[in-house]
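The next block holds one structure in the form of structure tokens; read it before the comments.
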Amino acid sequence: MGNNSSEIRSVKPIFWISTLYFAMGIPFVTINAVSGIMYKDMGISDSKITFWTALIMFSWTLKPLWSPFLEIYKTKKFFVVATQFAIGILFALIALSLPMPDFFKYSIALFAVVAFCGATHDIAADGTYINFLTNKEQAKYIGWQGAFYNLAKIISSGVLVYFAGVLEKTKGVVNAWMIIMGIYGLLFLALALYHYAVLPKENKHEKETRKAGNIRKELLDVITSFFKKKNIMWAVLFIILYRFAEGFAIKIAPLFFKAPRTSGGLGLSTSDIGLIYGTYGSAAFILGSVLAGYFIAARGLKRSLIWLCSAFNIPFVVYALLAYFQPTELLPVGVAVVVEYFGYGFGFVGLMLYIMQQIAPGEHKTAHYAFATGIMNLGVMIPGMFSGMISDWIGYKMFFIWVLIATIPAFIVTLLVPFSYPEKLKEH
């Protein structure tokens with residue numbers, strides 16, 4: 001149960017939940033999607049883009065290995081602010097690397113460090129959410145959490161990509177993306193200052209008690225206790241397969257939009273891609289996320305989960321339709337993005353709440369939440385690494401048919417996944 005003391009919660013949760021999860025979303029989305037558009041603009045191949053931008057996201061899978069240190073050393077607020085400041089500096093360095101002859105080598109290395117900082121930030125941010133909110137508040141704000149996390153996706157892959165496309169026409173590709181990376185840097189420096197002022201503070205006595213323990217013993221205890229949880233292997237299988245199809249689709253979709261029509265793509269400009277994500281997709285995603293929170297609060301997660309899985313996976317059919325018909329107008333592409341983003345927002349909430357309330361509870365809940373979200377990332381990272389090779393091999397039309405086939409395991413495991421803890425939605 002979260003701590004609801006007025007002494008440590010002087011700011012209403014919504015004022016830090018919104019910005020905290022917005023900040024959490026930016027590094028993940030920028031590496032996973034925006035960097036691919038940038039590299040494609042700069043002449044890098046699809047297979048190289050998808051492999052390396054997926055591989056460096058391994059930090060989000062490995063983060064459980066250092067999550068116990070965040071429970072032992074310093075405070076969650078310290079790590080939130082420190083990692084946001086570091087990410088701001090790193091984006092500035094990425095901007096400076098782009099004019100170099102070996103820009104891909106240097107920028108992808110810097111993105112790898114951004115990924116490490118972003119994964120560390122996730123642990124501290126999720127720990128803040130879990131520790132300072134009651135179960136009822138977690139359910140109440142889960143939709144807003146998801147909305148602002150994925151609002152970062154809209155701003156990053158929508159507004160800023162559109163702006164990059166506009167800048168390309170007057171500044172050139174390299175200068176345009178230097179400016180965009182610089183904007184990311186300034187944004188994170190501002191977020192670090194804001195969260196330094198508004199995040200709740202932890203009980204110092206409790207933190208000192210944690211510091212006194214042996215770190216190695218603590219880490220071993222965290223790992224073994226995680227895998228001793230009831231029905232843990234079912235839960236792990238669920239969180240990996242729920243997003244398996246997304247791992248293929250999310251890496252290729254923007255590259256498919258930008259690829260020339262002669263190659264089976266839609267031939268959209270960088271600005272077009274930013275426009276359809278930033279306008280058509282934004283309202284749909286936020287609406288889906290918020291409605292899912294209330295939907296779950298009213299019905300309970302167990303009764304809602306298959307509906308959430310359906311909303312998350314079925315909309316991938318829109319990419320198969322776009323690849324088959326190759327529309328020349330933006331409207332049908334925008335409608336397709338609305339459908340997919342609404343479903344994404346609605347369904348993603350269920351997965352995160354399952355992890356929060358069915359896997360994380362117990363001792364070391366922050367570290368166990370990090371373990372679960374890290375393992376979940378494997379379901380996105382592994383298919384993402386090979387998505388470019390597969391799409392090059394079978395073409396965009398057959399690739400998105402394959403994505404639909406890849407959704408089948410998600411439905412099977414959702415129907416079978418057990419609930420080890422009773423749902424508690426009442427305040428205590």
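Small disclaimer: the values here were computed from a predicted structure and weren't measured. Below, each value reflects all heavy atoms present in this structure, side chains not excepted, and no hydrogens, waters or symmetry copies. Residue numbers count from 1 along this sequence.
Not a single side chain to side chain contact (heavy atoms under 4.5 Å, CB included) links Ala92 to another residue, sequence neighbours left out. For Lys397, there are no salt bridge (Lys or Arg N to Asp or Glu O under 4.0 Å) partners at least two apart in sequence or on another chain. With sequence neighbours excluded, the residues that form a side chain to side chain contact (heavy atoms under 4.5 Å, CB included) with Pro254 are Ile37, Tyr277. By the salt bridge (Lys or Arg N to Asp or Glu O under 4.0 Å) test, Asp126 is found to be paired with no residue, residues two or more places apart in sequence or in another chain being considered. For Ser225, the side-chain hydrogen bond (donor to acceptor under 3.5 Å, both in side chains) test picks out His368, with sequence neighbours left out. Among residues two or more places apart in sequence or in another chain, the ring pair (Phe, Tyr, Trp, His ring centres under 6.0 Å) test is passed with Tyr21 by Tyr129. Every residue two or more places apart in sequence or in another chain was checked for a ring pair (Phe, Tyr, Trp, His ring centres under 6.0 Å) with Phe111, and none qualifies. Every residue two or more places apart in sequence or in another chain that forms a side chain to side chain contact (heavy atoms under 4.5 Å, CB included) with Ala320 is listed here: Phe400, Ile401, Leu404. Scanning for salt bridge (Lys or Arg N to Asp or Glu O under 4.0 Å) contacts around Glu246 gives Arg243, with sequence neighbours left out. Residues that satisfy the side chain to side chain contact (heavy atoms under 4.5 Å, CB included) test with Leu193, not counting sequence neighbours, are absent from this structure.
In this structure the side chain of Leu199 never reaches within 4.5 angstrom of the side chain of Lys76, judged on heavy atoms. At least one side-chain heavy atom of Ile239 sits less than 4.5 Å from a side-chain heavy atom of Ile355. The shortest distance between side-chain heavy atoms of Tyr149 and Ser289 does not fall below 4.5 Å.
More than 12 heavy atoms of other residues, nucleotides or ligands shown are found within 6.0 angstrom of CZ on Phe104.
Each side chain to side chain donor-acceptor pair (under 3.5 Å) pair with one or both residues in residues 374-395, not counting sequence neighbours, appears once here: Thr61-Asn377. Applying the side chain to side chain donor-acceptor pair (under 3.5 Å) definition to pairs two or more places apart or across chains, those involving residues 30-40 are Thr30-Ser156, Asn32-Lys251, Tyr39-Ser107, Lys40-Asp46.
Residues Tyr344 and Phe312 bring their aromatic ring centres within 6.0 Å. Aromatic ring centres of Phe256 and Tyr319: separated by at least 6.0 Å.
Looking only at atom types and distance, the side chain of Lys258 has a donor-acceptor partner in the side chain of Thr270 under 3.5 Å away.
Without hydrogens or angle criteria, Lys77 side chain to Pro200 main chain gives no donor-acceptor distance under 3.5 Å.
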The test is ring-ring contact (aromatic ring centres under 6.0 Å, His included); show your working for Phe248 and Phe316 and say whether it passes. CA-CA 10 Å; Phe248 290 106; Phe316 291 131; over 10 Å; no
